[in-house]
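The block underneath contains the structure these notes are about, expressed in C-alpha cells.
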Amino acid sequence: MAESRITPRAQDFAAWYQDVVLEGDMAEPAEIVKGCMVIKPNGYAVWEALQREFDNRFKETGHQNVYFPLLIPQSFLQKEAEHVEGFSPELAVVTIAGGKELEEPYVIRPTSETIIGHFFARWIQSWRDLPVLINQWANVVRWELRTRMFLRTSEFLWQEGHTAHSSHEEAFEEVLRILDIYAEVAESVMAMPVIKGMKTAGEKFAGALRSYSIEAMMQNGLALQAGTSHDLGQNFGRAFDVKFQTNEGKLDYVWQTSWGVSTRLIGGLIMTHSDDKGLVLPPRVAPWKAVLVPIYRKDEERAAVLEAAGKIAAELKIKLDDREGQTPGAKFFHWERRGVPVVMELGPRDLASGNVVLKRRDTGAKEVVPQSEAGARLEATLASIQQNLYGTAKARLKENCVLAESIEQIEEILTPVTAEKGGGKFVLAHLKDDPRCEERLKEFKATIRCIPMVDEWGGGGKCLITGEAVPQRVVVAKAY
RNA sequence: CGGGGCGUAGCGCAGCCUGGUAGCGCACCUGCCUUGGGCGCAGGGGGUCGUGUGUUCAAAUCACACCGCCCCGACCA
C-alpha cells in the first residue's frame, strides 16, 4: 500500500539522500558515464531558479556574463605552481582530436582562472581598463574518485566569476561582496542558513591568497561548503603577465578574484529541508509553487470539478494535475515526493461549499479556505513555508554548534559521526590556522571548515594544539 | 585507487550453489469499475540476463577480464 521506498533518515542518511534525489525526480546517475549524472527537469528547474537569483545579483553589482572555451592548453595550468599541483590529479585531458594526436594536449577545464588570465593580459593595459567584472555559467570537469549526485560529480554546472582590480583593497571588497551575495541567496532564497568564514591555508583554493566560503549544516550535522570566493592576490596576474599602468605611470600586476557556486547547492538544499516522505523545496526555488488535484466520482462531477479547477489553476498560475486514471491519493504522493510546497484539492464537497483545500508540504497541515481567498491564502502559505523552513534549519544549526575546550573533546564529539549515521556537529574551538592542527584533526576525519567572519562564540583563547594565542574560535566539523 | 556489496523487463527482486534456452510484484497498454492519501477485476505488451572472452552438445547459471552503481577508506566544489 502506501509504502514509501525512501529509506528513513535515521536508518541511513546517505541512502535516504539518494532515494530523495531519485524519487523526487531530480537526477539520476548517468550509468554509462562514470561519475556523472543526468539532471532531470525537476532538478534542472531548481538550478534555473538559482541561476536567476544569482545572475540578477551579479548584474546588479556590475558583472557581465561571458563564455570561455571548455578546452585549455595543458601548459596554462602549469603557469601557476600551486594551481597545477592542486588540480593535476583530477584533470581530464584531450590528447587526440580530428583523428590526430595533438601537439599540446588540452585539459577540460576544472576551472577557468588560467585561460581567463591569458585573456585578461590581452584586454588590460591601463588602470582605466579596470575593474574587469565578468562571470560565466559553465560546466567543469574534475575527475573524482567518489561521487554523489549533486554533491560531487565528475562534471558539474556552476558559475565562475572572475574579476581584475587595480588594488588589493578593491579586490578584497569584491571577494566579500560576492560572499555576501552567496550567503543572502542561500538564506533568503534557499532557506539554508550558512556561516561565512575564511578557509584555512590548507583548505584554500589552489593558487589563491585567501579563500572564503559559506558553510551550511546538513540534517546529519555534516558541513557542506556551499560557495567560495577567492582573493587571488597577484598570483595569476604574475603567472599570466596581466600588467597595467597605474595613474602614476607605473606598471603593476592586477589584483584578481574568483568565486563560484555550483549545482552542489541543490544537494545542500535537499539535505537541509527534505524529510522521510521525500523532497521538500522552499517555495522560492520550487518549479511548481502549488499543484491542484481535482477530485470526482461520477462523470457529472468530473466535468464540473475540472471546469472549476481549471479556472482556479489558471487564476493562481499553478499546475492542474488533470491526469486520467490516477486516483487523487496517488497524485498526492506523487507531488509530495517531488517537494511541491502546496498541494490543493478541489472536489464535489468544495464545489458545493465554495471552498478549496490547501495542504502544505513542510508541516502537512491542511486548511480549507473560500475559493475567493485562495490566491491570498496561497501566497501567505508559501511565505509561511519559506519562513518555517529557514527557521527550522537555523534552529538546527544553532543547536548543533557546540563549544569544545580540548582536542580530545572534539574527537569525542565527532568520532561517532558518519555520513550515514549522522550526529554531526559544528564544534567551535580555539585552533590556529596551522598544518599541525589540521594534521591532528585529520586523525578523526574532521577539518577546520572556516574561521567565522562574525565571531558569535566568545572571542580569543589559546590554540588547543600549538598553545599560541588565537583571536577566536574556528568551526571544526566533518564535511562532504 | 584499495576493501565490501550489487548488476536478470521501466522499477524492486527470485532463479545461479546442483548448466537444459527466464519468472514474480509494481509500473505500462485495452476494457469495465473506481476516485477526499498509493482502488479493483479481466485481458495484454515488453528482457542482447552489465560487456567481452573462455569451458561445454548446451551458459542468466561455471571461469577469467573489463565496465558501471552503492557503501567504507585515501583525494576533492
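Atoms considered below: every heavy atom in the structure, side chains included; atoms not considered: hydrogens, waters and symmetry mates. Lettering follows sequence order; numbering is per chain, from 1. Since we're looking at a predicted model, the values are computed, not measured.
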Residues that A/Phe172 engages under ring pair (Phe, Tyr, Trp, His ring centres under 6.0 Å), provided they are two or more places apart: A/Tyr212
Sugar-phosphate, base or nothing in reach of A/Leu151, heavy atoms under 4.0 Å: base
Between the protein and nucleotides 68-71 of chain B, list the N/O to N/O atom pairs that are separated by less than 3.5 angstrom.
unit_1 : atom_1 : unit_2  : atom_2 : d
B/G68  : O2'    : A/Glu31 : O      : 3.0
B/C69  : OP1    : A/Gly35 : N      : 2.6

Residue pair A/Arg440 / A/Arg436, side-chain heavy-atom distance below 4.5 Å: no
For B/G25, the Watson-Crick or wobble counterpart (both distances under 3.5 Å): B/C11
Please write out the pairs of protein N or O atoms and N or O atoms of nucleotides 46-52 of chain B separated by less than 3.5 Å, giving the distance to one decimal.
none

Touch class at under 4.0 angstrom, heavy-atom based, for A/Gln225 against every strand present: sugar-phosphate
Rounded distance in Å - CD1 (A/Ile108) to P (B/A77): 19 Å
Base partner of B/A77, which must satisfy Watson-Crick or wobble distances under 3.5 Å: none
Length of the line joining A/Arg302:CZ and B/U34:P, which is rounded to integer Å: 15 Å
Any A/Arg297 side-chain N or O less than 4.0 Å from OP1/OP2 of B/U35: yes
Length of the line joining A/Glu85:CD and B/C75:P, which is rounded to integer Å: 14 Å
Sugar-phosphate only, base, or nothing, as touched by A/Lys331 at under 4.0 Å among non-hydrogen atoms: nothing
C1' spacing across the pair B/G25 / B/G38, given as an integer number of angstrom: 15 Å
Touch class at under 4.0 angstrom, heavy-atom based, for A/Glu90 against every strand present: sugar-phosphate
B/U8 to B/G15 separation - P atoms, rounded to the nearest Å: 14 Å
NZ/NE/NH1/NH2 to OD/OE distance under 4.0 Å, A/Asp275 and A/Lys277: no
Touch class at under 4.0 angstrom, heavy-atom based, for A/Arg323 against every strand present: nothing
Watson-Crick or G-U counterpart of B/G46, or none if no pair lies under 3.5 Å: none
Could you pull out every donor-acceptor pair under 3.5 Å between side chains of residues 199-206 of chain A and any protein atom, sequence neighbours left out?
unit_1   : atom_1 : unit_2   : atom_2 : d
A/Lys199 : NZ     : A/Glu215 : OE2    : 2.7
A/Lys199 : NZ     : A/Gln225 : OE1    : 2.9
A/Lys199 : NZ     : A/Arg449 : O      : 2.9
A/Thr200 : OG1    : A/Glu203 : N      : 3.3
A/Thr200 : OG1    : A/Glu438 : OE2    : 2.6
A/Lys204 : NZ     : A/Glu82  : OE2    : 2.4
A/Lys204 : NZ     : A/Ala208 : O      : 2.8

Counter-base of B/C64, judged by Watson-Crick or G-U geometry with both distances under 3.5 Å: B/G52
P gap between B/C26 and B/G40, integer Å: 8 Å
Integer angstrom distance from the C1' of B/G10 to that of B/G19: 30 Å
Rounded distance in Å between the C1' positions of B/C49 and B/A22: 8 Å
Aromatic plane relationship, A/Trp137 with A/Phe58 - under 30° parallel, 30 to 60° tilted, over 60° perpendicular: tilted
A/Arg337 side-chain proximity, nearest of B/G38, B/A77, B/C1: B/G38
Salt-bridge criterion met for A/Arg302 and A/Glu324 (N-O under 4.0 Å): yes
Closest-nucleotide 5' rank along RNA chain B - winner of A/Arg349 and A/Thr327: A/Arg349
Between B/A60 and B/G52 - P atom distance, rounded Å: 12 Å
Nearest-nucleotide pick for A/Phe333, side chain only, options being B/G36, B/C75, B/G38: B/G38
Separation of atom CD in A/Glu324 from atom C1' in B/C28, rounded to whole Å: 17 Å
Sugar-phosphate, base or nothing in reach of A/Val357, heavy atoms under 4.0 Å: base
Complementary nucleotide of B/C17, counting Watson-Crick and G-U pairs under 3.5 Å: none
Polar side-chain atom of A/Arg360 near backbone of A/Leu382 as donor-acceptor pair, under 3.5 Å: no
Out of B/G73, B/A77, B/G36, whichever nucleotide has its closest atom nearest the side chain of A/Lys445: B/G73
Nearest-0.5 Å distance that lies between atom CD in A/Glu174 and atom CD in A/Gln256: 12.0 Å
Distance, P atom - from B/U21 to B/A59, rounded to whole angstrom: 12 Å
Heavy-atom closest contact (A/Glu187 atom, A/Val194 atom, distance): OE2-N, 2.9 Å
Nucleotide nearest A/Glu144 when distance is taken to its side chain, options B/U35, B/G38, B/C75: B/C75
Sugar-phosphate only, base, or nothing, as touched by A/Thr447 at under 4.0 Å among non-hydrogen atoms: nothing
For B/G38, the Watson-Crick or wobble counterpart (both distances under 3.5 Å): none
Test side-chain contact (heavy atoms from CB on, under 4.5 Å) applied to A/Glu315 and A/Lys311, step by step: CA-CA 6 Å; A/Glu315 192 189 330; A/Lys311 272 186 196 159; 5.9 Å; no
Sugar-phosphate only, base, or nothing, as touched by A/Lys442 at under 4.0 Å among non-hydrogen atoms: sugar-phosphate
Comparing A/Gly347 and A/Phe87 on RNA chain B - which has the more 5′ nearest nucleotide: A/Gly347
A/Phe54 and its ring pair (Phe, Tyr, Trp, His ring centres under 6.0 Å) partner, picked from A/Tyr182, A/Trp47, A/Trp259: A/Tyr182
Sugar-phosphate, base or nothing in reach of A/Ser262, heavy atoms under 4.0 Å: base
Touch class at under 4.0 angstrom, heavy-atom based, for A/Phe205 against every strand present: nothing
Ignoring hydrogens and angles, write down the donor-acceptor pairs under 3.5 Å from the side chains of residues 370-378 of chain A, residues two or more places apart or on other chains.
unit_1   : atom_1 : unit_2   : atom_2 : d
A/Gln371 : NE2    : A/Asn355 : O      : 2.9
A/Arg377 : NE     : A/Glu367 : OE2    : 3.1
A/Arg377 : NH2    : A/Glu367 : OE1    : 3.3
A/Arg377 : NH2    : A/Glu367 : OE2    : 3.1

With A/Glu48 via salt bridge (Lys or Arg N to Asp or Glu O under 4.0 Å) - residues at least two apart: none
Gap between atoms OH and P, on A/Tyr480 and B/C75 respectively (whole Å): 18 Å
Between B/C75 (P) and A/Leu145 (CG): distance, integer Å: 10 Å
Atom P, compared across B/C29 and B/G45: separation rounded to whole Å: 15 Å
